[in-house]
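Remarks on the structure that follows.
Worth saying up front: this structure is predicted, and the values here are computed from it rather than measured. Chain identifiers are assigned alphabetically (A, B, ...) following the order of the sequence lines, protein sequences preceding nucleic acid strands; residue numbering begins at 1 within each chain.
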Amino acid sequence: MGAADETRDGVSLTNLDQPLFDGAGATKRDLVDYLDAVRDRILPGLRDRPLSVVRVRPGQDPFMQKNLPKYTPDWVRRTSVWAEASHRSISYALCDDRRTLLWFANQRAVEYHPTLGRAGHPEHPTQLVLDLDPPPGDSFGAAVAVALLVREALTEAGLAGAVKTSGAKGLHVIVPVADGTTAEDAAAATRALAARTERLDPALATTAFIVEDRGGRVFVDSTRAYGATVVAAYSPRIRPGTPVSYPVDWADLGAVRPADFTVRTVPALVAGRDPWVRALPEPQRLPADLVAEGRTIPVARVQAMHEGKRRAKARREAG
DNA sequence: GAAGAGC
DNA sequence: GCTCTTCAACGCGAC
DNA sequence: GTCGCG
Ligand SMILES: [Mn+2]
Ligand SMILES: [Mn+2]
């Protein structure tokens with residue numbers, strides 16, 4: 001163990017011997033060393049994409065950071081995006097190099113959530129994502145079963161995807177899409193694929209946006225679309241043991257656990273190889289019938305907001 | 001982690 | 001100078 | 001500005 005502070009690639013790194021967060025089983029140094037060790041694997045997924053990060057300190061709640069703080073060094077690349085919610089321009093980082101990654105690590109940025117499209121091109125995502133969220137409990141096996149249903153739906157549509165652990169309890173299926181694919185088409189295709197997955201086994205998979213309506217089934221989340229973010233491959237997560245979102249071969253899905261992949265184990269697994277690059281298929285054009293089907297499916301989220309509003313009103317009136 | 005307020 | 005407090009998100013869209 | 005959700 002070295003000094004508590006050091007400088008690396010010109011970036012000051014501080015308090016390296018402090019715990020990363022409660023239950024991390026890792027120090028801030030472990031985070032810095034992990035990200036530096038996998039930088040050539042994680043940076044390609046972050047490069048040129050508006051970045052949100054989740055930062056955390058021991059004893060405190062994690063918080064998501066989008067807008068760069070005033071004190072951010074000027075060598076951090078950034079892009080401005082107007083936010084309707086706060087009526088202001090958000091300055092997003094573009095994490096393109098080692099120095100920026102190390103600076104974020106020193107900020108205790110543990111999770112890295114890039115957008116689906118590149119800076120300046122929110123209307124043209126490079127991939128679509130089916131996010132599989134299992135119900136509470138020990139349900140990773142259910143997520144695996146639903147991932148295989150997603151694969152079936154993809155194959156049926158003439159598409160191919162790659163799968164990775166989310167680092168939490170679920171899985172992400174990623175489908176690279178051809179240049180020129182619009183966000184609208186990608187979102188519609190995502191909804192259609194989620195609906196087809198649910199249809200393949202409605203007892204196992206659901207597209208219900210309201211938690212209460214999921215009934216112990218795996219939520220096939222099609223809302224990772226438009227400006228949404230998805231945690232990057234190789235990003236650590238703020239979960240016990242500091243797991244990492246990690247690629248898995250389809251054939252190996254049944255043989256892994258999310259906890260197999262942590263900031264301690266992953267550097268050795270990626271030495272001399274990039275399993276995410278290897279797993280990702282070529283960008284694909286979305287079948288017209290899939291997109292057309294998706295256009296007929298309402299956005300579950302919107303329905304849920306109205307239902308939520310109705311239920312809240314009912315609660316108030318019940319006293 | 002860093003800045004600002006208050007001592 | 002020190003200690004304490006505060007801050008660090010978004011959008012979907014009808015109502 | 002709200003609601004549910006990630
Ligand atoms: Mn998820
Ligand atoms: Mn989700």
Side-chain angles (χ1 to χ4, degrees), chain A residues 4-5 11-16 18 20-21 28 31-32 50-73 76 80-93 102-117 122 129-136 166-172 183-184 187-188 190-191 194 206-214 218-231 235 237-239 245 297-316:
Chain A
D5 292 5
V11 179
S12 295
L13 304 169
T14 55
N15 302 313
L16 293 174
Q18 288 182 359
L20 189 52
F21 56 87
K28 193 177 163 188
L31 175 70
V32 168
L51 181 69
S52 302
V53 296
V54 183
R55 298 171 54 192
V56 67
R57 303 171 59 72
Q60 296 181 15
D61 291 334
F63 60 93
M64 182 167 281
Q65 174 181 297
K66 292 176 178 288
N67 195 34
L68 282 170
K70 285 188 177 63
Y71 56 80
T72 306
V76 172
S80 288
V81 179
W82 181 258
E84 207 54 59
S86 51
H87 302 288
R88 61 173 179 160
S89 178
I90 305 287
S91 187
Y92 285 88
L102 289 171
W103 180 77
F104 270 118
N106 193 57
Q107 292 288 302
R108 292 177 175 271
V110 176
E111 303 191 1
Y112 295 76
H113 299 245
T115 55
L116 301 181
V129 180
L130 288 139
D131 169 27
L132 308 181
D133 295 332
S166 74
K169 288 171 43 188
L171 291 161
H172 296 152
E184 195 183 343
T190 305
R191 288 200 298 277
T206 178
T207 56
F209 192 73
I210 295 179
V211 171
E212 192 182 301
D213 297 339
R214 294 182 192 163
V218 176
F219 177 41
V220 184
D221 183 353
S222 61
T223 68
R224 310 290 91 204
Y226 298 107
T229 63
V230 176
V231 80
S235 171
R237 302 304 302 272
I238 300 168
R239 311 276 304 190
S245 177
I297 301 173
V299 178
R301 234 188 331 194
V302 174
Q303 201 68 37
M305 285 186 298
H306 301 316
E307 178 62 11
K309 197 162 184 168
R310 196 190 64 74
R311 291 185 192 183
K313 179 184 160 99
R315 273 197 304 275
R316 276 196 309 276

Over how many whole Å does the gap from [X] atom [atom1] to [N] atom [atom2] extend?
X       : N     : atom1 : atom2 : value
A:Leu68 : B:dA2 : CG    : P     : 14 Å
A:Tyr71 : C:dT6 : OH    : P     : 18 Å
A:Phe63 : C:dA9 : CZ    : P     : 9 Å
A:Asp61 : C:dA9 : CG    : P     : 15 Å
A:Lys70 : C:dT6 : NZ    : C1'   : 13 Å
A:Gln60 : B:dA2 : CD    : P     : 14 Å
A:Leu51 : C:dA9 : CG    : C1'   : 13 Å

Separation of the C1' atoms in C:dA8 and B:dA3, to the nearest angstrom:
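About 12 Å, rounded to a whole number of Å.
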For atom P, what is the distance between D:dC5 and C:dA9, given to the nearest Å?
23 Å
Looking at A:Phe21 and A:Ile238, what are the two nearest heavy atoms and their distance?
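Reported closest heavy-atom pair: CZ-CA, 3.7 Å.
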What are the two closest heavy atoms between A:Ala208 and A:Thr206, and how far apart are they?
N-OG1, 2.9 Å
Keeping [X] on the side-chain end and [Y] on the backbone end, is there a donor-acceptor pair under 3.5 Å?
X        : Y        : value
A:Asn67  : A:Ser91  : yes
A:Lys28  : A:Arg108 : no
A:Arg88  : A:Trp82  : no
A:Asp5   : A:Ser12  : no
A:Arg239 : A:Gly167 : no

So do A:Thr207 and A:Arg191 actually touch side chain to side chain, heavy atoms under 4.5 Å?
no
Hey, does A:Arg57 reach any base, or is it just sugar-phosphate, or nothing, if we go heavy atoms under 4.0 Å?
base
Need one value for A:Ser52: base, sugar-phosphate or nothing, where a base atom within 4.0 Å counts as base even if backbone is also close, heavy atoms only.
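Since no nucleic acid heavy atom lies under 4.0 Å of A:Ser52, the category is nothing.
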Given A:Leu51, A:Thr115, A:Val129, the one that forms side-chain contact (heavy atoms from CB on, under 4.5 Å) with A:Thr229:
A:Thr115
Using chain A heavy atoms and a threshold of under 4.0 Å, write down where along DNA chain D the contacts begin and end, 5' to 3'.
D:dG1 to D:dG6
Reading 5' to 3' through nucleotides 10-15 of chain C, protein heavy-atom contacts under 4.0 Å coded B for base, S for sugar-phosphate only, - for none
SBBBBB
According to a strict under-4.0 Å criterion, is A:Asn67 in side-chain N/O contact with OP1 or OP2 of C:dA9?
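Negative; the distance criterion is not met.
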Taking for each residue the nucleotide of DNA chain D bearing the nearest heavy atom, is the 5' side occupied by A:His87 or by A:Val211?
A:His87
